[in-house]
Enquirer: 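Mind having a look at this structure? Questions to follow.
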Protein chains: 2
Amino acid sequence: MENATKIHAYTLSETRKSMVEACTRICQLLGLPRSTGQIFGLLYLSPTPLSLNDIVEFLGISKASASYGTRRLLSWRAIKTVWKPGDRRDYFEVIDDISGLIKRMLNDFIKPRLGSSGKRVHDMLEGLEEEKDRGELLDAEYQICLDRLNSLVRLQEKLSAVIPVADRFV
Amino acid sequence: MENATKIHAYTLSETRKSMVEACTRICQLLGLPRSTGQIFGLLYLSPTPLSLNDIVEFLGISKASASYGTRRLLSWRAIKTVWKPGDRRDYFEVIDDISGLIKRMLNDFIKPRLGSSGKRVHDMLEGLEEEKDRGELLDAEYQICLDRLNSLVRLQEKLSAVIPVADRFV
DNA sequence: CAGATTATACAATCTAAATTGAACGTACGG
DNA sequence: CCGTACGTTCAATTTAGATTGTATAATCTG
């Protein structure tokens with residue numbers, strides 16, 4: 001191809017470097033791959049959509065990482081692809097509605113997880129009764145388990161009540 | 001000492017095993033050491049306070065891990081020590097107020113982190129102006145950075161507003 | 001259809017963090 | 001004082017998972 005693309009210097013302004021760094025730290029904090037954060041940070045302050053190769057060059061990461069990271073961000077709908085006619089490269093840009101992203105995270109990750117943990121506590125309460133009936137438990141143990149598990153149920157209910165509030169706020 | 005303690009079988013009821021497992025999973029999910037979760041799960045359904053050695057025996061982990069985990073849980077005030085007169089072992093039990101624990105986590109981890117991230121965005125906005133003044137930025141880039149950083153500020157404000165609400169709810 | 005240029009899949013490697021074993025310090029009981 | 005039971009510290013190991021290089025598949029160009 002014409003080497004106009006080769007001219008590209010692939011350097012970032014200080015502001016954008018800071019952004020990449022900040023997102024890296026956040027992801028690290030959340031136990032997510034650093035490279036994913038780098039990519040998001042890069043795209044978040046990009047004036048134009050970027051191709052996989054742009055990302056590789058700007059960040060100095062491998063294409064495999066870039067591909068993995070972008071697909072992950074896509075699956076969270078944190079970024080989206082942009083098509084340029086007559087160009088078979090994929091271009092990426094961040095979605096504009098970050099609040100929406102957070103709401104979705106809340107609903108897709110936290111809420112179902114709260115639900116399944118609620119179910120798990122319920123199962124444990126059932127199992128506890130069975131164990132008691134089979135005489136496998138000391139009374140003291142049965143009592144503690146019952147109390148604590150019930151207090152977990154109440155806590156779970158309170159947490160569930162917070163979700164919709166947060167949802168409206170953000 | 002008398003070998004009454006040696007009789008101890010160190011086996012857990014199914015219910016308690018499930019609890020240990022569940023806490024392990026949660027910690028894993030949060031990027032915390034699994035062993036820490038195991039310890040908390042063990043103590044959460046324990047009818048009596050447990051010594052370091054009890055923990056080691058019940059869970060089959062090393063003393064070093066147990067020591068590390070308990071101190072970590074202590075520092076979060078998720079568990080507390082219990083002293084038995086005439087026994088130089090430390091005994092541990094979970095605190096009863098889990099809601100309080102969550103509130104504290106919210107205040108000790110999330111809130112300060114939100115604050116410092118707010119400050120960081122502010123710094124970036126200042127840096128951006130400097131870069132612009134020095135003519136180091138294309139107009140398009142300046143504009144995008146300004147927009148996006150400002151939208152981060154707004155988001156940060158909304159999130160900060162949610163914290164006290166959640167605090168009252170839980 | 002051959003040749004390029006892209007994105008993905010996968011196994012190998014590399015890194016960071018959790019876990020451990022062993023040495024250490026301390027306090028108690030005889 | 002010694003010996004013992006306890007908790008902690010720290011270097012070494014193990015493990016999980018992030019990153020990469022290479023091979024593959026797919027899609028366009030000429």
Enquirer: From C-beta outward on B:Ala64, which listed nucleotide comes closest to its side chain: C:dG21, C:dA7, D:dG7?
Expert: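 Looking only at side-chain atoms, B:Ala64 lies closest to C:dG21.
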Enquirer: Expressed as a whole number of angstroms, how long is the span from A:Leu30:CG to D:dA18:C1'?
Expert: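 Those two atoms, CG and C1', are 16 Å apart.
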Enquirer: Which whole-number value in Å describes the distance from A:Arg89 CZ to D:dA26 C1'?
Expert: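 For the pair A:Arg89 CZ and D:dA26 C1', the rounded distance is 17 Å.
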Enquirer: Which of residues 68-88 of chain A have a heavy atom under 4.0 Å from DNA chain C?
Expert: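 Those residues whose heavy atoms fall under 4.0 Å from DNA chain C, taken from residues 68-88 of chain A in numerical order, are A:Arg71, A:Arg88.
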Enquirer: Which nucleotide in the list D:dG17, C:dA18, C:dT20 gets nearest to the side chain of B:Pro33?
Expert: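 From the listed options, C:dA18 comes nearest.
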Enquirer: Could you state the atom-to-atom distance from CG of A:Leu59 to C1' of D:dA18 in whole Å?
Expert: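 To the nearest whole Å, that distance equals 15 Å.
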Enquirer: Tell me: CG of A:Leu50 to P of C:dA7, nearest whole Å?
Expert: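 Whole-Å distance recorded here is 12 Å.
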Enquirer: Please set out all donor-acceptor pairs under 3.5 angstrom arising from side-chain atoms of residues 143-153 of chain A, sequence neighbours excluded.
Expert:
| residue | atom | partner | partner atom | Å |
| --- | --- | --- | --- | --- |
| A:Arg148 | NH1 | B:Tyr44 | O | 2.8 |
| A:Asn150 | ND2 | A:Leu146 | O | 3.2 |
| A:Ser151 | OG | A:Arg148 | O | 3.4 |
| A:Ser151 | OG | B:Tyr44 | OH | 3.2 |

Enquirer: If you check the B:Ser65 side chain, which of D:dG21, C:dT19, D:dA18 turns out closest?
Expert: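 Of the candidates, C:dT19 comes closest.
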Enquirer: Do B:Lys158 and A:Ile102 have side-chain heavy atoms sitting under 4.5 Å apart?
Expert: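 The answer is no; the side chains never approach within 4.5 Å.
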Enquirer: May I have the distance from B:Asp54 (atom CG) to D:dC6 (atom P), rounded to whole angstrom?
Expert: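 B:Asp54 atom CG is separated from D:dC6 atom P by 10 Å.
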Enquirer: Check whether any side-chain N or O of A:Asp123 sits under 3.5 Å from a backbone N or O of A:Arg120 as a donor-acceptor pair, and report yes or no.
Expert: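 Such a contact is absent between A:Asp123 side chain and A:Arg120 backbone.
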Enquirer: Say whether A:Glu136 and A:Tyr142, considering side chains only, have a donor N or O and an acceptor N or O under 3.5 Å apart.
Expert: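 No, A:Tyr142 and A:Glu136 have no side-chain donor paired with an acceptor closer than 3.5 Å.
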Enquirer: To the nearest 0.5 Å, what is the distance between CG (A:Leu32) and OG (A:Ser35)?
Expert: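 Here the interatomic distance stands at 10.0 Å.
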Enquirer: Could you check B:Arg34 against A:Arg34 and say which one's nearest nucleotide on DNA chain C is further toward the 5' end?
Expert: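 Looking at DNA chain C, the more 5' nearest nucleotide goes with A:Arg34.
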Enquirer: A:Ala66 and A:Leu52: which non-hydrogen atoms are nearest, and at how many Å?
Expert: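 In this case the closest contact between A:Ala66 and A:Leu52 is CB-CD2, 3.4 Å.
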Enquirer: Indicate whether OP1 or OP2 belonging to D:dT19 is found under 4.0 Å from a side-chain N or O atom of A:Ser62.
Expert: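 No, A:Ser62 has no side-chain N/O under 4.0 Å of OP1/OP2 on D:dT19.
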Enquirer: Please state how far atom CG in A:Leu29 lies from atom C1' in C:dA17, giving the value in whole angstrom units.
Expert: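 Roughly 15 Å, once rounded to whole Å.
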Enquirer: When you measure from the side chain of A:Lys63, which nucleotide among C:dA7, D:dG7, C:dT20 comes out closest?
Expert: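 Ranking C:dA7, D:dG7, C:dT20 by closest atom to the A:Lys63 side chain puts C:dA7 first.
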Enquirer: Of all the nucleotides listed (D:dG7, D:dT20, D:dT9), which has the minimum atom distance to the side chain of B:Asp90?
Expert: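 When the side chain of B:Asp90 is considered, D:dG7 is the closest of D:dG7, D:dT20, D:dT9.
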Enquirer: Without decimals, in angstroms, what is the distance between A:Glu57 CD and C:dT6 P?
Expert: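 Spelled out: CD on A:Glu57 to P on C:dT6 is 11 Å.
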Enquirer: Using a 4.0 Å heavy-atom cut-off across all strands, classify A:Ser35 as base, sugar-phosphate, or nothing.
Expert: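 Answer is sugar-phosphate: A:Ser35 comes under 4.0 Å of backbone atoms only.
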Enquirer: Measure the spacing between CD1 of B:Ile55 and CG of B:Asp90 and express it to the nearest 0.5 Å.
Expert: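 Output value for this atom pair is 10.0 Å.
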Enquirer: Measure CD1/B:Ile61 against P/D:dT15 and give the value in whole Å, please.
Expert: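 Between P of D:dT15 and CD1 of B:Ile61: 16 Å.
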